[in-house]
Asker: 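Before I ask anything, here is the structure I am working with.
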Amino acid sequence: MTAWTKEELSAIGAADELEIASLLRDGTLTDPVTIWVVRHGDDLYVRSVNGPAGAWFRGTQARREGHILAGGIDKDVSFMRADPEIDDQIDAAYRTKYRRYPASIVDHTVTPEARSATLRLVPRE
C-alpha cells in the first residue's frame, strides 16, 4: 500500500472538511459527501456520525475504494476499518480539532455508533 506524503497529511489533516465519494460497482463515483476528517500520527480517519447505517458509510463498504478531496489534495483512496484499540485517540483528535464547535455537535463524532463506523483512509496509486 502507498503511504501519505508529509505534505498530503499536513494539508488534509488541517482541512476542516473533506469530500468523500465511493466507487460504485460500475466504476463510477457516488456524489461526494462533505464530512470531517482527523489525523492521528501518519494516518487519516473519518467517521459516520450515523454509524454503519449512514448512507455514505454504506457506500464505502461495497468496493472499499473511492475518492477524497480536502486541503487541495485530490486522491483515490481505499477505505480500511480502523483498529478499535485507537478509538480513544481518534475521539481526542476530533475533540481537539473541532473544539471551536459546540460540544453538542462534536459529541456526535465520539458516540459508540460513530466509533463503530471509523475508517482509515489509505492512498491508492
Side-chain angles (χ1 to χ4, degrees):
M1 286 189 191
T2 306
W4 295 106
T5 67
K6 289 180 183 183
E7 294 77 18
E8 290 169 334
L9 282 169
S10 294
I12 298 169
D16 277 342
E17 297 177 327
L18 172 140
E19 290 187 8
I20 190 168
S22 300
L23 193 62
L24 298 170
R25 294 191 201 291
D26 68 4
T28 61
L29 290 169
T30 60
D31 289 333
V33 175
T34 303
I35 59 173
W36 285 354
V37 59
V38 295
R39 177 180 176 179
H40 176 63
D42 289 336
D43 291 310
L44 298 165
Y45 295 90
V46 295
R47 281 183 171 167
S48 169
V49 296
N50 295 316
W56 75 260
F57 183 85
R58 285 193 325 269
T60 67
Q61 302 306 290
R63 290 190 56 177
R64 297 198 180 273
E65 295 178 334
H67 192 83
I68 61 160
L69 175 62
I73 306 297
D74 205 351
K75 199 82 170 170
D76 290 329
V77 296
S78 294
F79 304 118
M80 309 296 288
R81 287 287 185 143
D83 181 352
E85 294 292 317
I86 63 167
D87 277 346
D88 290 341
Q89 291 95 333
I90 303 301
D91 289 354
Y94 272 100
R95 285 191 172 108
T96 299
K97 181 174 181 180
Y98 297 104
R99 68 180 167 262
R100 70 182 178 281
Y101 293 96
S104 60
I105 294 173
V106 178
D107 286 350
H108 291 286
T109 66
V110 297
T111 65
E113 190 172 48
R115 282 176 146 209
S116 72
T118 305
L119 297 174
R120 181 169 56 97
L121 302 176
V122 179
R124 290 189 293 133
E125 292 182 15

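From a predicted model like this one, the values you see are computed outputs, not experimental measurements.
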Asker: For residues Leu29 and Leu24, determine if any side-chain heavy atom of one lies less than 4.5 Å from a side-chain heavy atom of the other.
Answerer: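 Heavy-atom side-chain distance check fails, nothing below 4.5 Å.
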Asker: May I ask you to test the Ile68-Ile12 pair for a side-chain heavy-atom distance under 4.5 Å?
Answerer: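 Ile68 vs Ile12: side chains touch.
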Asker: Nearest 0.5 Å, what's the OH-CD distance between Tyr45 and Gln89?
Answerer: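 Reported value, rounded in 0.5 Å steps: 9.0 Å.
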Asker: Any side-chain heavy-atom pair from Ser22 and Trp56 closer than 4.5 angstrom?
Answerer: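 The answer is no, as the side chains (C-beta and beyond) never meet within the 4.5 Å cut-off.
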Asker: Does any N or O in the side chain of Ser116 come within less than 3.5 Å of the main-chain N or O of Glu113, such that one atom is a donor and the other an acceptor?
Answerer: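 Yes; judged by distance alone, with no hydrogens or angles, the pair exists.
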Asker: Can a donor-acceptor pair be found, under 3.5 Å and without considering hydrogens, that links the side chain of Arg124 to the backbone of Val77?
Answerer: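 Judged by distance alone, yes, a pair lies under 3.5 Å.
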Asker: Hydrophobic cluster membership, with links at side-chain heavy-atom distances under 4.5 Å among I/L/V/M/F/W/Y: are Ile73 and Val122 in one?
Answerer: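 No.
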Asker: With no hydrogens and no angle check, is any side-chain donor or acceptor of Thr34 less than 3.5 Å from a backbone partner on Glu19?
Answerer: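 The answer is no, because no donor-acceptor pair under 3.5 Å joins these two groups.
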Asker: For Lys75 and Pro123, which heavy atoms make the closest approach, and how far apart are they?
Answerer: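 Closest approach of Lys75 to Pro123: CE-CB, 3.7 Å.
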Asker: For the residue pair Ala15 and Gly71, what are the closest heavy atoms and their distance?
Answerer: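 For Ala15 and Gly71, the tightest heavy-atom pair comes out as CB-N, 3.6 Å.
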Asker: Check whether Gln61 reaches the backbone of Arg58 with its side chain - one donor and one acceptor, N or O, closer than 3.5 Å.
Answerer: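 A pair under 3.5 Å: no.
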Asker: Please answer: with hydrophobic residues joined when any side-chain heavy atoms are less than 4.5 Å apart, are Leu119 and Met80 in the same cluster?
Answerer: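 They do not share one cluster, since no chain of ILVMFWY contacts under 4.5 Å joins Leu119 to Met80.
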Asker: Would you compute the distance between atom CG of Leu121 and atom CG of Asp43 and round it to the nearest 0.5 angstrom?
Answerer: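 Spacing of CG (Leu121) from CG (Asp43) equals 9.0 Å.
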Asker: Walk me through it: do Asp74 and His67 pass the test side-chain hydrogen bond (donor to acceptor under 3.5 Å, both in side chains)?
Answerer: CA-CA 7 Å; Asp74 205 351; His67 192 83; 2.3 Å; yes
Asker: Between Arg115 and Asp91, is there a side-chain heavy-atom distance shorter than 4.5 Å?
Answerer: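 Yes, their side chains come closer than 4.5 Å.
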Asker: I'd like to check Trp36 versus Leu18 (side-chain heavy atoms, cut-off strictly below 4.5 Å). Are they in contact?
Answerer: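 No, every pair of side-chain atoms sits at 4.5 Å or beyond.
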Asker: Between Thr60 and Leu23, is a side-chain contact (heavy atoms from CB on, under 4.5 Å) present by the stated rule, with each step listed?
Answerer: CA-CA 8 Å; Thr60 67; Leu23 193 62; over 6 Å; no
Asker: Which distance, rounded to the nearest 0.5 Å, do you find between the CG of Asp83 and the CZ of Arg120?
Answerer: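 Between atom CG of Asp83 and atom CZ of Arg120 there are 9.0 Å.
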Asker: Kindly compute the distance separating CZ (Arg95) from CD1 (Ile90), expressed to the nearest 0.5 Å.
Answerer: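 It comes to 12.5 Å.
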Asker: Please name the pair of heavy atoms, one in Thr111 and one in Asp107, separated by the smallest distance, quoted to 0.1 Å.
Answerer: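 Heavy-atom minimum between the residues: CG2-O, 3.4 Å.
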Asker: Any chance you could measure Tyr94, atom OH, to His40, atom NE2, to the nearest 0.5 Å?
Answerer: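 With rounding to 0.5 Å, OH (Tyr94) is 12.5 Å from NE2 (His40).
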Asker: Rounded to the nearest 0.5 Å, what's the gap from CD on Glu65 to OG on Ser78? Could you check?
Answerer: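 The OG atom of Ser78 is 5.0 Å from CD of Glu65, to the nearest 0.5 Å.
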Asker: State yes or no: do Val46 and Val33 share one hydrophobic cluster built from I, L, V, M, F, W and Y residues joined by side-chain heavy-atom distances below 4.5 Å, directly or via other members?
Answerer: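 In one cluster: yes.
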Asker: Please test Arg63 against Asp26 for salt bridge (charged side-chain N to carboxylate O under 4.0 Å, His left out), starting from the C-alpha separation and ending with a verdict.
Answerer: CA-CA 10 Å; Arg63 290 190 56 177; Asp26 68 4; over 6 Å; no
Asker: When you group the ILVMFWY residues by side-chain heavy-atom contacts below 4.5 Å and let the links chain together, are Val49 and Ile105 in the same group?
Answerer: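 Cluster IDs for Ile105 and Val49 differ.
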Asker: Around Arg100, counting heavy atoms of other residues, nucleotides and ligands shown, do more than 12 lie under 6.0 Å from its CZ?
Answerer: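 Yes, because the 6.0 Å sphere around CZ of Arg100 holds more than 12 heavy atoms from other groups.
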Asker: Where do Trp4 and Asp42 come nearest, in terms of heavy atoms and distance?
Answerer: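 Nearest pair, atom of Trp4 first, then Asp42: CD1-O, 3.9 Å.
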Asker: Could you tell me which non-hydrogen atom of Phe79 sits nearest to which non-hydrogen atom of Ile20, and how far apart they are?
Answerer: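 Reported closest heavy-atom pair: CE2-CD1, 3.5 Å.
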Asker: Which is it for Arg47 and Thr109 under the side-chain hydrogen bond (donor to acceptor under 3.5 Å, both in side chains) test, yes or no, and what are the steps along the way?
Answerer: CA-CA 7 Å; Arg47 281 183 171 167; Thr109 66; 5.2 Å; no
Asker: If you compare all heavy atoms of Pro32 against all heavy atoms of Ala21, which two are closest, and at what distance to 0.1 Å?
Answerer: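 Looks like CA-CB, 4.1 Å.
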Asker: Sub-3.5 Å donor-acceptor pair from the side chain of Thr96 to the main-chain atoms of Ala93, do we have one?
Answerer: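 Answer holds: no.
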Asker: Would you say Leu44 and Leu9 make side-chain contact, with heavy atoms under 4.5 Å?
Answerer: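 Yes, their side chains come closer than 4.5 Å.
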Asker: Is there a donor-acceptor pair closer than 3.5 Å between any side-chain N or O of Arg39 and the backbone N or O of Gly41?
Answerer: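 Present.
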